[in-house]
Amino acid sequence: MNGLRRALLLVCLVCLLGLTACSVSGGPPSYDTWQEALAASIAAQEPPPPAADAAGNGLAWYQVFVYSFYDSDGDGIGDLRGVTERLDYIQGMGFDGIWLSPIHPSGTYHKYNVLDYLAIDPLYGTMEDFDALIAACRERGLKVLLDLVVNHTDLRHPWFTERPEFYNIAAERGSGGWARLPDGRWYECQFWDQMPDLDLLNLELRAELEAMFAFWLERGADGFRLDAVKEYMQGSTAGNVEVLSWLTGAVKRIKPDAYIVGEAWDTTAGLYEYYDSGIDSLFAFPFAGADGSLARLMLRADVTLESYLNRVAGAQEAIRSRNPNGTDAPFFTNHDMPRAAGFLRRDPNMIKTAWGLSLMQPGDAFVYYGEELGMSGSGKDENKRAPMLWTDAGDADGMTLGPPDQEAQSHSFAPAVDQIGDPDSIYTYIRDAVRLRRKYPHIGRGSFEVLPAAGPKAGAVRREWQGSEIWIAYNVSAEAAELTLPGALKDFLSATGEPPEQQGDTLILPGYCIAVLAEG
């Protein structure tokens, strides 16, 4: 008995020292690696609700900047195997698909200057790794978008010497970015002299590109994110629309249900002209970034919720007037923009609510990796593409080194391994917002009717889809607000954790709260 007593005392001592999990003390379990802790936290979550159906728009996409996401082989650079290993994390939030930054061989870390359209950059892995990623996504019901960069190639692409007619080369220098060849002629390079612009009116080039589209679609890609569509025909909206019409038609002939979203960086009404091409979506730049409608709503007292909601409604009308089958692509930040935490003053209530607003917009919504954690990053582009904050230990297995020349980033919020399971975390809020899009397909797909305002920073919209309706109520101020709405309170997103209350037809929303009401 004395030996047994000594053994029990030893176990209790070890538990008190926190060296192992202990059911007697009830303390949290310990893990050998952060990956084990992350997996346990993901597994402990309730699974996301099922998707409304496999087809249609209104999905939620997670943008992965591969270089900085997860390193599977210890070289400090993210890779395709790393993305595959972290799919459970993405799926657990409720996303429907991923957008991969360019994965082709390239002369830069960001890979927006392609050397070979039919290959995988060796830093990212092999074609077998790509196939394995596609298979793993299929098992989880996740779709995959590839970043398609056809405005330009790398200067060292074989086409530049073997097929110079594929490029915009002229005897005289044009407007904007041009560089001189040894023979005295000029080539267009609007972004950089190492990125010569392609002549997308060349029919032989188009045939080469169509074969490339088919290669990736037949290999399992579900569509493309199109880079720099405003630059296809420099200074010509009509020319860009014509190129987009060809590109969209070519992709749809290969895979009719492929999804195509374009980057037309325009914050004016001119953006919507590009829907004349028949493209599925264009990113909603008027609402994004530090100067967009969403940030102005959060930061400026003179900007009302009603004006913001009316602008959302106006965008939907502009899209439908040009392409009845088109859908918006709301986002808040991306790899070219400062991260939201910085321009929202590192205020968790504003960060959460702004992402809630973005994810309640109609269309296919996009979330940039790390935004669900409130990561920081501003200044030069490398800073905006810093290593995914899986753990505080920057040298831990799986952590990337980030882009060359990136400056050190100071993050105000906990890493992923600590935010999962914390009901007050930014991660939990954004996860719940993404899941609401799945639970209520009205959000991504339904009509959008703005209801009378309940105050400068409070109001609601009615959303109808397939004969049913919901109401989404918003309060984007710190003060409580009252709204009169039909329907019963079903779900809510509260940045502060304080829940809304319903008394008859009166809904009482605490500060920084979004609520969903439905019939019955």
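Values reported hereafter were calculated over all heavy atoms of this structure, with side chains retained and with hydrogens, waters and symmetry mates removed.
Applying the salt bridge (Lys or Arg N to Asp or Glu O under 4.0 Å) rule to pairs touching residues 421-438 yields Asp96-Arg438, sequence neighbours excluded. Note on residues 352-373: pairs passing salt bridge (Lys or Arg N to Asp or Glu O under 4.0 Å), not counting sequence neighbours, are Arg339-Glu371.
In this structure, CH2 in Trp471 is found 9.0 Å from CG in Leu451, a value given to the nearest 0.5 Å. How far CZ of Phe287 is from CZ of Arg296: 9.5 Å, rounded to the nearest 0.5 Å. Taken to the nearest 0.5 Å, the OG atom of Ser277 stands 7.5 Å off from the CG atom of Asn323. The distance from atom CG of Leu436 to atom CG of Leu359, rounded to the nearest 0.5 Å, is 9.5 Å. Note that CG of Asn310 is 8.5 Å distant from CZ of Phe448, once rounded to the nearest 0.5 Å. In this structure, OH on Tyr109 lies 12.5 Å from CD1 on Ile77, to the nearest 0.5 angstrom.
Contact detail for Ala460 and Ala473: the closest heavy-atom pair is CB-CA, 4.0 Å. Residue Gly223 comes nearest to Ala258 through the heavy atom pair CA-CB, 4.3 Å, listed as atom of the first residue, atom of the second, then distance. Contact detail for Thr400 and Asp71: the closest heavy-atom pair is CG2-N, 3.8 Å. Taking each heavy atom of Asn383 and Ser378 in turn, the nearest pair found is ND2-O, 2.9 Å. Of all the heavy atoms in Leu145 and Phe224, the pair that sits closest is CD2-N, 3.8 Å. Across every non-hydrogen atom of Asp266 and Leu271, the tightest pair is OD2-N, 3.6 Å.
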Can you check salt bridge (Lys or Arg N to Asp or Glu O under 4.0 Å) on Arg322 and Glu273, steps first, answer last?
CA-CA 7 Å; Arg322 294 181 176 273; Glu273 295 180 39; 5.1 Å; no

Given Arg225 and Glu263, is the side-chain contact (heavy atoms from CB on, under 4.5 Å) satisfied, shown in steps?
CA-CA 7 Å; Arg225 176 265 183 186; Glu263 180 207 26; 3.2 Å; yes

Trp99/Phe331 under ring pair (Phe, Tyr, Trp, His ring centres under 6.0 Å): CA gap, chis, key distance, verdict
CA-CA 13 Å; Trp99 153 25; Phe331 73 107; 8.5 Å; no

Between Asn57 and Ser281, is the side-chain contact (heavy atoms from CB on, under 4.5 Å) condition met? List the steps.
CA-CA 9 Å; Asn57 54 22; Ser281 295; over 6 Å; no

Could you walk me through whether Lys384 and Asp336 pass the salt bridge (Lys or Arg N to Asp or Glu O under 4.0 Å) test, one step at a time?
CA-CA 7 Å; Lys384 305 163 189 172; Asp336 291 321; over 6 Å; no

Begin from the C-alpha positions of Tyr440 and Arg463 and carry the test side-chain hydrogen bond (donor to acceptor under 3.5 Å, both in side chains) through to its verdict.
CA-CA 10 Å; Tyr440 301 100; Arg463 311 296 308 278; over 6 Å; no

Report the C-alpha distance between Met360 and Leu357 in whole Å, list the side-chain angles of each, state the deciding distance to 0.1 Å, and finish with yes or no for side-chain contact (heavy atoms from CB on, under 4.5 Å).
CA-CA 5 Å; Met360 293 302 105; Leu357 286 161; 5.9 Å; no

For a ring pair (Phe, Tyr, Trp, His ring centres under 6.0 Å) check, start with the C-alpha distance between Tyr429 and Trp355, then their side-chain angles and the critical distance, and finish with the verdict.
CA-CA 9 Å; Tyr429 183 99; Trp355 274 107; over 10 Å; no

Should Asp79 and Arg81 be marked as a salt bridge (Lys or Arg N to Asp or Glu O under 4.0 Å) after you check the CA-CA gap, both sets of side-chain angles, and the distance that decides it?
CA-CA 6 Å; Asp79 45 52; Arg81 287 188 182 182; over 6 Å; no

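Gln35 places a side-chain heavy atom less than 4.5 Å from the side chain of Arg86. Side-chain contact between Glu231 and Trp265 is absent, with no heavy atoms from C-beta onward closer than 4.5 Å. Put simply, the side chain of Lys143 does not reach to within 4.5 Å of the side chain of Cys137, judged on heavy atoms. Taking 4.5 Å as the limit, every side-chain heavy atom of Val144 sits out of range of all side-chain heavy atoms of Trp216. By the 4.5 Å heavy-atom criterion applied to side chains, Tyr70 and Met388 are not counted as neighbours. Side-chain contact check for Leu493 versus Tyr512: every heavy-atom pair is 4.5 Å or farther apart. Val417 places none of its side-chain heavy atoms less than 4.5 Å from the side chain of Tyr31. Counting heavy atoms from C-beta outward, Gln316 and Val312 have side chains that approach closer than 4.5 Å.
Each of Asp147, Asn151, Asp227 was scored for a side chain to side chain donor-acceptor pair (under 3.5 Å) with Tyr112, with one residue passing: Asp147.
With ring centers used as reference points, Trp390 lies under 6.0 Å from Tyr89.
Ser101 and Tyr67 share no side-chain donor-acceptor pair at under 3.5 Å. When only modelled atom types and interatomic distance are considered, Asp129 and Tyr124 share no side-chain donor-acceptor pair under 3.5 Å.
Between Trp61 and Phe366, the ring planes are parallel. Angles under 30° get that label, and only those over 60° would be called perpendicular. Relative ring orientation between His335 and Phe65 is described as parallel, the plane-to-plane angle staying below 30° on a 0-90° scale split at 30° and 60°.
Remark: the backbone N or O of Leu244 is paired with a side-chain donor or acceptor of Thr248 at under 3.5 angstrom. Panel note: side chain Lys252, backbone Ile279; no donor-acceptor pair is recorded below 3.5 Å. At least one donor-acceptor pair closer than 3.5 Å links the side chain of Thr84 to the backbone N or O of Leu80. Using a distance-only test at 3.5 Å, with no hydrogens or angles considered, a donor-acceptor pair links the side chain of Lys457 to the main chain of Val303. The closest donor-acceptor contact from the side chain of Glu464 to the backbone of Ser447 lies at 3.5 Å or more, if one exists at all.
More than 12 heavy atoms of other shown residues, nucleotides or ligands fall within 6.0 angstrom of atom CG in Asp302.
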